[in-house]
Amino acid sequence: QILEHALTLAPEAAPVRVACLNALLEVAFRRSNGRGMRRVIERLTDLAAHGHERAASWIPLFRGLLAHTPGEVRAELASPALVAGTALSPVQEWLRGHLLLRSLGDAAAAESVARAALQRPVPNMLVQTQCLLLESLRLQGRCDEAAALLPDLLAGIDPARVRTSPESV
């Protein structure tokens with residue numbers, strides 16, 4: 001409700017709108033709410049139509065999350081807004097790697113994305129990117145390399161903030 005209210009208060013402030021829409025989409029993503037994600041994509045499409053490049057680069061990533069086939073995911077990842085647009089944010093890079101790994105099973109490509117992202121780490125995405133790298137290595141059968149990443153990964157996890165079984169941390 002707060003995000004929806006912020007959207008109505010900033011109808012002409014594209015950066016505020018994109019930030020609110022990104023947050024709304026993350027909430028829908030975490031709740032596996034496809035309908036909510038599609039609504040946010042429609043709003044982002046409207047912003048992109050008015051020339052907002054950052055909004056345009058989110059759309060294929062979010063459509064990739066909703067895609068039903070590997071071909072649809074590949075088509076979204078090949079979108080000009082991703083390959084020829086502005087540089088992706090750290091969250092967008094992680095999401096791109098997530099799609100490569102989880103939707104396409106391309107562990108080598110996901111590893112490349114994760115390693116590139118770790119060259120310019122952002123604190124709020126560090127653990128997620130390390131997990132992406134660890135999983136990509138594991139799925140390539142490089143378990144010793146993956147195991148070597150665990151101490152740094154675990155050091156970045158605050159057990160008080162993890163929403164899972166305490167035994168897992």
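Because only heavy atoms are used, hydrogens play no part in the values below, and waters and symmetry mates are left out as well, while side chains stay in.
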Using a 4.5 Å cut-off on heavy atoms from C-beta on, say whether the side chain of [Y] contacts that of [X].
X	Y	result
Thr129	Val113	no
Arg35	Arg39	yes
Leu153	Leu133	no

How many angstroms lie between [atom1] in [X] and [atom2] in [Y], if you round to the nearest 0.5 Å?
X	Y	atom1	atom2	value
Cys131	Met125	SG	CE	10.0 Å
Glu42	Asp46	CD	CG	10.0 Å
Ile59	Leu82	CD1	CG	10.0 Å
Thr45	Trp58	OG1	CH2	14.0 Å
Leu88	Leu61	CG	CG	6.5 Å

Val27 and Arg31: CA distance, side-chain angles, deciding distance, side-chain contact (heavy atoms from CB on, under 4.5 Å) verdict = CA-CA 6 Å; Val27 169; Arg31 292 180 177 168; 3.6 Å; yes
For Glu93, which residues count as a side chain to side chain donor-acceptor pair (under 3.5 Å) partner, sequence neighbours excluded?
->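 Checked Glu93 against side chain to side chain donor-acceptor pair (under 3.5 Å); matches are Arg96.
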Please identify each residue that fulfils side chain to side chain donor-acceptor pair (under 3.5 Å) with Ser57, with sequence neighbours left out.
->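 Partners of Ser57 under the side chain to side chain donor-acceptor pair (under 3.5 Å) test: Gln92.
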Would you please name every residue forming a side chain to side chain contact (heavy atoms under 4.5 Å, CB included) with Ala110, sequence neighbours left out?
-> Leu100, Leu101, Leu132, Ser136
Return the set of residues passing side chain to side chain contact (heavy atoms under 4.5 Å, CB included) with Cys20 (not counting sequence neighbours), or none when no residue passes.
->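 In terms of side chain to side chain contact (heavy atoms under 4.5 Å, CB included), with neighbours along the sequence ignored, Cys20 is linked to Leu3, Ala6, Leu7, Val16.
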Taking all heavy atoms of Pro90 and all of Val122, pick out the closest pair and write down the distance.
-> CG-CG2, 3.2 Å
Do Ile157 and Leu126 belong to the same hydrophobic cluster, where Ile, Leu, Val, Met, Phe, Trp and Tyr are linked whenever their side-chain heavy atoms lie under 4.5 Å apart, directly or via other members?
-> yes
Which donor-acceptor pairs under 3.5 Å do the side chains of residues 62-71 make with protein atoms, sequence neighbours left out?
from	atom 1	to	atom 2	distance (Å)
Thr69	OG1	Glu72	N	3.1

Which pairs count as salt bridge (charged side-chain N to carboxylate O under 4.0 Å, His left out) when at least one residue sits in residues 127-152, sequence neighbours excluded?
->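 Non-adjacent pairs meeting salt bridge (charged side-chain N to carboxylate O under 4.0 Å, His left out): Arg102-Glu135, Glu111-Arg142, Arg115-Glu145, Glu135-Arg138, Arg142-Glu145.
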